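All figures in this text were calculated on a predicted structure; none of them were measured in a lab. Lettering follows sequence order; numbering is per chain, from 1.
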2 protein chains.
Amino acid sequence: MLTTLSQPCFFGMNGGLPAGTGLPSIASMPSGSLPGVSLLPSPIPSGHLSVSSSSSGMNGQQKFSSVYKRMAQRRKVPEGELCAVCSDLATGYHYGVASCNGCKTFFRRTIVSEQTFICQYDGKCDVNKNIRCACRHCRFNKCLQVGMDAKAIQNDRDRIGPTRKAAKGSSGSDSDNAVTPIRNQDQEIVENLTHVEGLCKELRHCVLPEVNGVNQALMFDCLLFRTKELKHDPTTVFKEFYPASMNDVRMWNIREMRICIEWGKTFEAFMRLAINDQLSLVRNFAFTFNLLNRVFYSPDHGPDKIVYQNGAFILREPQQQVQLSGCRLIYPRQMDEIMIPFRKLNITEAEFATFKAAFFFNPDALDLSQKAKEDVAEERNKYLSALFTLITNKLGIPVGVQKYGSLLMMTASIQNIIAQNEENMQVMELFKNWEVDPFVRELCMKRT
Amino acid sequence: MLTTLSQPCFFGMNGGLPAGTGLPSIASMPSGSLPGVSLLPSPIPSGHLSVSSSSSGMNGQQKFSSVYKRMAQRRKVPEGELCAVCSDLATGYHYGVASCNGCKTFFRRTIVSEQTFICQYDGKCDVNKNIRCACRHCRFNKCLQVGMDAKAIQNDRDRIGPTRKAAKGSSGSDSDNAVTPIRNQDQEIVENLTHVEGLCKELRHCVLPEVNGVNQALMFDCLLFRTKELKHDPTTVFKEFYPASMNDVRMWNIREMRICIEWGKTFEAFMRLAINDQLSLVRNFAFTFNLLNRVFYSPDHGPDKIVYQNGAFILREPQQQVQLSGCRLIYPRQMDEIMIPFRKLNITEAEFATFKAAFFFNPDALDLSQKAKEDVAEERNKYLSALFTLITNKLGIPVGVQKYGSLLMMTASIQNIIAQNEENMQVMELFKNWEVDPFVRELCMKRT
DNA sequence: CGAGCATGGTCAAAGGTCAA
DNA sequence: TTTGACCTTTGACCATGCTC
């Protein structure tokens with residue numbers, strides 16, 4: 001067992017030269033496995049230790065560092081003490097040496113990442129507070145010279161999540177604290193999706209080439225990568241706000257569902273599917289895509305107004321033009337159950353894009369072949385993971401889990417509204433009070 | 001996941017082990033062994049210490065603390081004893097286990113601050129002195145596994161004072177000598193829900209008292225806590241498998257939706273709502289509750305058969321008896337989109353119960369008052385957090401996130417099927433080909 | 001009453017975080 | 001990408017007070 005230091009020694013040490021007393025518990029230090037750094041062969045037998053006896057086998061550096069460590073033990077750094085490396089104000093003894101925050105962090109990072117630096121001059125660069133970042137080779141060398149001890153560096157600790165206060169008291173369980181996994185793959189996925197989201201925005205304002213049915217649209221090359229070749233469509237851009245007409249509704253429905261198909265074709269996993277499975281996914285999702293984009297990208301004019309990109313708007317109690325007899329109104333529900341929650345949850349564009357991808361790859365889509373189900377489920381999992389990482393990296397696990405959960409549970413409301421819409425479309429067909437566009441019909445109507 | 005220590009082990013160990021041994025058997029246990037398995041076989045019951053007799057009149061906490069004290073009295077930690085958690089040098093017996101300072105402090109802090117950790121991997125991280133800080137979830141789990149006892153944690157040091165004297169003088173005030181161990185909030189939520197789930201199972205086989213409409217059912221005391229007073233209903237128990245008739249369907253629909261109301265009334269947050277908001281939540285969820293329980297508790301007879309508790313079953317291509325003209329069949333969808341995914345995802349009963357609670361508290365339920373929305377959303381968040389913790393504790397983050405996500409996205413399919421069902425009910429009303437029970441109608445039919 | 005030990009508390013120095 | 005001010009977590013050490 002290690003002996004504890006007697007207090008008198010401590011105070012003596014603080015004032016003057018270190019007396020040969022104890023050593024900090026080397027046994028409790030992590031055994032760093034760094035090349036070129038040898039560990040003490042035996043972790044101190046027992047009983048009392050003295051510097052002289054135990055340091056007989058040490059090289060100069062080790063002796064030096066143990067002295068510093070002893071000094072550091074239980075003793076605050078004196079007021080005004082300077083960093084032994086750069087002469088900035090020291091914040092304490094770090095790795096055995098009075099040093100500043102910067103040099104402390106620099107030393108750890110260098111060791112942990114096993115970096116090697118090369119001096120651009122002659123290896124004799126000055127290291128002080130003002131130019132300490134100029135030469136990393138010489139800064140690191142200085143760290144070692146003044147006795148910073150790589151053995152004092154521990155293994156990776158568990159992640160702790162955001163340190164900046166989340167301000168909002170998420171009433172209840174702020175108790176949770178946990179890891180935030182950062183995965184590169186997830187990040188890449190999100191970046192891709194966000195990029196495609198941008199392309200969709202461009203395509204939204206282009207003249208879309210005519211197609212003859214959904215199948216043909218699925219066959220053509222993806223338009224999203226050719227937006228520059230397409231003509232600009234002036235009817236899609238904002239000029240003024242005005243109450244939407246049924247023509248606006250129709251135009252945007254068709255346009256958005258065309259974009260949905262182009263968007264779907266950007267997924268490799270989608271392109272690998274058989275045409276019937278592609279059709280199944282698209283038919284399952286197209287109107288949702290339409291709906292989600294409409295409300296997400298609607299400029300915020302309060303909770304009672306959905307605004308299209310060209311300025312046409314729909315009110316909570318909608319104008320006569322967009323009402324059809326026999327159809328239940330779904331605009332208030334779009335506002336209450338999708339638009340407002342999106343805003344309340346503060347969904348970012350990246351989150352929105354990733355959410356759509358997870359929604360799109362639905363293994364339970366109607367008529368999806370058994371064979372495709374697995375691939376689709378796997379693809380969904382990819383986007384679910386990416387979405388989770390995206391959200392929790394910003395908010396931390398406790399709050400992130402709730403946002404992630406709330407967002408995913410919105411799918412229930414969304415699907416419910418979609419069902420309502422389908423019912424409406426059937427009413428339209430039945431009473432012929434509005435001619436449904438053939439393209440839209442093909443995508444939205446249930447086969448009976 | 002969390003392991004509780006079984007009391008007998010301590011007594012047995014304390015009294016039974018040879019004098020020179022103490023407790024090192026714990027430390028030398030293989031790290032993977034479960035406490036219930038490895039601790040129980042303590043050879044000799046209590047010996048000369050007569051712990052059992054002296055503790056017969058004490059409550060659990062006192063029993064424990066006195067045992068610790070006796071233990072401490074008699075036996076110092078042997079020289080060179082290792083920490084049962086991380087194999088560092090032990091500094092003594094802490095919370096019943098030979099352990100180092102670090103693990104001791106870590107355990108106390110975790111309990112006191114009610115923290116929950118989530119493993120970044122699969123919950124099987126190694127814990128030793130070099131990497132003990134790498135995964136806090138696994139370190140804490142190891143603490144519990146080797147038998148650290150949360151009940152030994154006091155939170156007011158000064159009140160531990162005259163334990164013995166108080167116990168002798170006045171019985172009663174000694175209960176707060178040591179604070180009741182603080183259980184993890186999420187875990188408590190899940191345990192509660194699972195308990196209620198069990199009560200629902202009982203109620204499912206009882207004769208339910210007649211009620212006059214949903215409002216009345218909401219007013220009455222919750223039946224779930226009075227199942228013992230209710231008569232057993234023999235028509236609800238299994239006798240043989242047989243094709244379900246429309247009467248089976250009807251009986252179970254009514255029954256399950258009655259249970260839904262009783263179930264809802266077990267939530268404090270629900271009881272705090274105004275009656276109209278209660279009605280809104282119940283109307284929004286009752287059929288979902290019905291549907292979910294039906295498929296979740298259906299005995300597994302393959303992917304093409306839903307089996308009721310009394311043995312009545314419905315096939316994928318259902319028997320004539322349960323088909324109604326004009327109604328779209330929703331049984332295959334129930335199987336494909338709910339029953340099979342539940343089984344594939346390996347949803348446990350605890351997960352199922354927590355999922356239902358999160359689903360129930362829907363801030364977007366139709367007609368929910370603005371005032372209630374916030375409370376309902378907050379309540380949902382509670383269950384979402386609990387569900388996440390439940391899942392990731394077992395599976396770790398990467399896999400858990402996907403299971404959590406997939407489960408929540410099932411709400412879309414479920415809601416879609418519910419919408420289909422509502423449509424069917426409207427058809428039934430319209431064509432009068434089946435008389436919908438008034439109770440069911442009140443809960444399921446959209447007001448127009 | 002003092003010896004012995006397991007409690008909780010303390011705080012310097014570890015590591016993590018994230019805006020710049 | 002790197003930096004470093006600022007944050008949380010850790011654990012050696014300390015004081016306390018129970019039990020014998």
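- Atom pair Lys129(A):NZ and dG4(D):C1' shows a separation of 12 Å (rounding to whole Å applied).
- Annotation: salt bridge (charged side-chain N to carboxylate O under 4.0 Å, His left out) contacts of Lys403(A) (sequence neighbours excluded): Glu351(A).
- Residues forming a salt bridge (charged side-chain N to carboxylate O under 4.0 Å, His left out) with Arg139(B) (at least two apart in sequence, or on another chain): none.
- Taking atom CG on Asn130(A) and atom P on dG4(D), their separation rounds to 12 Å, with Å as the unit.
- Side-chain contact annotation: Glu349(A) with Thr194(A), donor-acceptor N/O pair under 3.5 Å absent.
- Tyr93(A) places its OH atom 12 Å from the P atom of dA14(C), with the value rounded to the nearest Å.
- Atom-to-atom, CG of Asn101(A) to P of dC18(C) comes out at 17 Å; the value is rounded to the nearest Å.
- Each of Thr91(A) and Asp156(A) lies near DNA chain C, and the nucleotide nearest Thr91(A) is the one positioned closer to the 5' end.
- For Ala90(A), the side chain to side chain contact (heavy atoms under 4.5 Å, CB included) criterion is met by Val77(A), Glu81(A), Ala98(A), not counting sequence neighbours.
- The phosphate of dA12(C) has neither OP1 nor OP2 within less than 4.0 Å of any side-chain N or O from Tyr95(A).
- Distances shown here put every side-chain N or O of Arg157(A) at or beyond 4.0 Å from the OP1 or OP2 atom of dA14(C).
- Along DNA chain D, the nucleotide nearest Cys100(A) and the nucleotide nearest Gly102(B) are compared for position; the residue whose nucleotide lies closer to the 5' end is Cys100(A).
- In terms of modelled atom types and a separation under 3.5 Å, the side chain of Lys129(A) and the main chain of Ser87(A) share no donor-acceptor contact.
- Atom CD of Gln115(A) is separated from atom P of dT1(D) by 12 Å (rounded to the nearest Å).
- Residue Arg139(B) has a polar side-chain atom (N or O) positioned under 4.0 Å from OP1 or OP2 of dG11(D).
- Close to dT9(D), at under 4.0 Å from its OP1 or OP2, lies no side-chain N or O of Arg159(A).
- Computed from coordinates, the Lys151(A) NZ to dG15(C) P distance equals 14 Å when rounded to whole Å.
- Scanning atom types as modelled, no donor and acceptor separated by under 3.5 angstrom connect the side chain of Arg109(A) and the base of dG16(C).
- Nearer the 5' end of DNA chain C, as judged by each residue's closest nucleotide, is the contact made by Gly92(A), out of Gly92(A) and Thr105(A).
- Of the candidates dG9(C), dG16(C), dT10(D), the closest approach to any side-chain atom of Arg136(B) belongs to dT10(D).
- Partners of Asn130(A) according to the side chain to side chain contact (heavy atoms under 4.5 Å, CB included) rule, which considers only residues two or more places apart in sequence or in another chain, are Asn128(A).
- Atom C1' of nucleotide dT3(D) and atom CZ of Phe106(A) are separated by 10 Å, given to the nearest angstrom.
- Secondary structure note: stems in DNA chain D built from 3 or more consecutive Watson-Crick or G-U wobble pairs under 3.5 Å occupy C:2-20 with D:2-20.
- Legend: residues meeting side chain to side chain contact (heavy atoms under 4.5 Å, CB included) with Arg157(A), ordered by chain and number and at least two apart, are Gln154(A), Cys133(B).
- Counting any heavy atom pair closer than 4.0 Å across all strands shown, His94(B) reaches a base atom.
- Residue contacts for Cys103(A): at a heavy-atom cut-off of 4.0 Å it reaches no nucleic acid atom on any strand shown.
- For Asp158(A) (side chain) and Arg136(B) (main-chain N/O), a donor-acceptor pair under 3.5 Å exists by modelled atom type.
- Atom P of nucleotide dT17(C) and atom CG of Leu395(A) are separated by 15 Å, given to the nearest angstrom.
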